[in-house]
Each structure stands twice: as structure tokens, then as C-alpha cells.
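One structure below.
All chains are named by letter (A, B, ...) in the order of the sequence lines, taking the proteins before the strands, and each is independently numbered beginning at 1. None of the values given here were measured: they were computed from a predicted structure.
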Number of protein chains: 2
Amino acid sequence: MKDNNDMPGHLARRFQQIAVAVFLAEVGEAGYDLTPVQYAALATIKANPGLDQVTLAGLIAYDRTTITGVIDRLAQKGLIERRASSRDRRARELEVTDEGKRTLRKITPAVESAQRIMLRGLSAKEGDELMRLLRKAIAAGNELSRAPLREA
Amino acid sequence: MKDNNDMPGHLARRFQQIAVAVFLAEVGEAGYDLTPVQYAALATIKANPGLDQVTLAGLIAYDRTTITGVIDRLAQKGLIERRASSRDRRARELEVTDEGKRTLRKITPAVESAQRIMLRGLSAKEGDELMRLLRKAIAAGNELSRAPLREA
DNA sequence: TACTGATAGTCAGCATACTGAGCAACATCA
DNA sequence: TGATGTTGCTCAGTATGCTGACTATCAGTA
């Protein structure tokens, strides 16, 4: 009988669980209330102003039905704006507000600190190796989830 | 500006996302409807008959508020039974039913196949190394989530 | 131009996860 | 025994993720 600790799926869940907890703790201590998912969306919108929801979802591998709620919450917090596209009346163009940009600047140290904390059991070399292996496994499995990563 | 791919937190989320999708696909193809979370709970109850919910939660690092729903669904499917404990009237003792045991036997190949598929981009050696690094990072961060792993 | 298929977004419903609160039962100690 | 603190479990509320269905719109073609 295999132990849970021999199951990559179980380890994936556990590592993700810790990663989220660390992120929320660090960002919360900095005085902000942003989830990892909201942060990634916000940062990606800032890097790609005016992109639509489907493109955003592809860039961070979110399901299109999930992104709706994330966008709603970011908009409600005043961090982004959602405008109808002029070229395609189905699409909505996303833009980070000034407050969104300010928030991003302010929480960056907390976000980076969180990334360090979740790897604190590993040496720098091991941390790099873990990320390399995760990237490789993810690349091979990209099409297996409903929300694969998509290039812009 | 750091890329998402340099964030262990993002990689964790993505790997977990793929792991769940692969698990559901494999188990679904085998004709069963069990989530990874339900599977881990079921297997752990079978290995520790009569354990209570808090102990179960500790063994698989689930939050105690999450386990309630998982147990409900397993019981509703007829895979486990929940009895009041005679020693502690607050506690409920969990037991796998015969159908639960049969189900566990039947889906084991699908579960193992899923674990292989989610590592298919890696060599055997790389897969082992990924698991080792995940275990190490998880051990160091165990206490950082609300639902840490606990020994029996 | 009318038809057909694809695409952008949303919604309902279900299953994790978590926060925080609450109740019942237990354990300990004055 | 009685007060106090702890523990097992549940519930309400919020935030991902997913399945599947639906509307509005677009794009290509007959």
C-alpha cells in the first residue's frame, strides 16, 4: 500500500496549501487583503493593459468561469476597471487603476518574501531544482487540465 | 518584474491543478466518481479503522471544517459509516464499508496510473527528486497552514 | 445576405479550503 | 463538586476551480 507521501498528487496539494497560507499571511501582515489568484491576475493585467478575460485566463491558466469572479472582486476593490471593447462587443478590456498600481507596488515585498518562506526548507540550489522540475512536469501536462496555459 | 514561472506559489497551484485533472480523468475512465480528496480520506480510514475525524484530518492535512463535507459525501455514497464513539460522545468513529473496500481495490490501478501521468514529463530519477524536494519543503512549512499534518 | 460554427462572457451547481463562531462533551484542578 | 479550559464537530460565509449550459456576438461561407 502506497503512502500518501509517495503520491505526487498528495504532495502537490499539500505544497499548494502551504503556499497559499504563506502568501495570505505575508500579504495580510503588509496590510493588504489579496489572494494569490487575485495577485496573479492583477499583475498580469498590469503587464498587458487592455487584454480581455479569455486572454488573461490563458496567461495564468485559470478557467474562464473562474476568472469572472476574480475580476468581479478586483473591480469591486477598485483595483481594476472593466470596459466594453470597441472592436468586439462580446469582449471586455481590463485595465489596472492607479490604486491597483499602487497596491501592486506596495505588496511586492510581501509577495517575494512569501515565495522565499515557502521554500525555506530547501537550499537555494534545491529551490531552483524544485522549480525546474515543476516547470517541466507542468509543461508536459499543460493540456491535461481544462484551463491550460496559453501564450498571448 | 518576476514572471509567474519564477514563483513557486504559482507553480504549486498549476501542478496541483494538473494533478487533480489527471486523477479525475483516470478514475472517471475506470468508471468511478471519486475526487483525490475523497480517495485519500477513504484510503486513510481503511488503514486506520475506527479513527475519529480530527485524527483523520491530521493524517492527511485537511482542515477540520473541510473534512465534514468530505465525510458526508463518502457516507452518502455508501463507502464509509460514521458511528458515535462509545468512549467520547463528541467523537465519531469512521469505518470503511464493504463497498468502500471494493471500490478502493478497483480504483487503485487508476490512482497509480494518474500518479505516473502527472510526472510523465520527468525521468524516473527526476520524479523521485521532485517528490523528495516537495516532501522537504512541505516538512519545513508544515506548521504554516491551518491544517498541518499530524501523526496518529 | 443568410447560415453555420466558433468565441467571449456569464450562470447554476458542486467540491475543496479557509475564517470565525458556536455547541456539546471532556479533563483538570481547586 | 464546580469552575475553567480544551477538544470534537458543525455551521455560515467567502474564494477558488470545475462541469455544463446559455446568450450575444463574431467570422467565414454558401
(request) State whether B:Thr68 places a side-chain N or O below 4.0 Å from either non-bridging phosphate oxygen (OP1 or OP2) of D:dC9. (result) no

(message) For the CG atom of A:Leu130 and the CZ atom of A:Arg132, what is their distance to the nearest 0.5 Å?
(response) 10.5 Å

(request) Encode nucleotides 16-25 of chain C as B, S and - characters from 5' to 3', where the letter depends on protein heavy atoms closer than 4.0 Å: B to the base, S only to sugar-phosphate, - to neither. (result) SBBBBB--BB

(request) Give a yes or no on whether B:Glu143 atom CD has more than 12 heavy-atom contacts from other residues, nucleotides or ligands under 6.0 Å away. (result) yes

(message) I need the CG-P distance between A:Leu34 and D:dA15, as an integer number of Å.
(response) 11 Å

(message) Measuring to OP1 and OP2 of D:dT10, would you say a side-chain N or O of B:Arg82 lies under 4.0 angstrom away?
(response) yes

(request) Mind calculating the distance between CG (A:Leu42) and P (D:dT16) to the nearest angstrom? (result) 12 Å

(message) Just the rounded figure in Å: distance from P of C:dC11 to CD1 of A:Ile71.
(response) 14 Å

(request) Only counting residues at least two apart or in another chain, list the ones meeting side-chain hydrogen bond (donor to acceptor under 3.5 Å, both in side chains) with B:Arg146. (result) B:Asp63

(message) Can you tell me which residue among B:Lys46, B:Arg83, B:Arg82 is in a salt bridge (charged side-chain N to carboxylate O under 4.0 Å, His left out) with B:Glu95?
(response) B:Arg83

(request) Measure from CG on B:Leu56 to P on D:dT10 and round the result to the nearest Å. (result) 12 Å

(message) When you measure from the side-chain N and O atoms of B:Gln53 to the phosphate of D:dT10, is any distance below 4.0 Å, counting only OP1 and OP2?
(response) yes

(request) Kindly indicate whether the side chain of A:Pro36, heavy atoms from C-beta on, has any atom under 4.5 Å from the side chain of A:Leu24. (result) yes

(request) Mind calculating the distance between CD1 (B:Ile18) and P (D:dG17) to the nearest angstrom? (result) 13 Å

(request) Enter the distance from A:Ile71:CD1 to A:Gln38:CD here, rounded to the nearest 0.5 Å. (result) 10.0 Å

(message) How long is the straight-line distance from CZ of B:Arg116 back to CZ of B:Arg120, given to the nearest 0.5 Å?
(response) 13.0 Å

(request) For B:Arg150 and D:dG8, give me the distance from atom CZ to atom P, rounded to whole Å. (result) 12 Å

(request) Check the distance between D:dT14's C1' and A:Leu74's CG and give it to me in whole angstrom. (result) 15 Å

(request) Could you tell me the separation between the CG atom of B:Asp33 and the P atom of D:dG20, rounded to a whole number of Å? (result) 11 Å

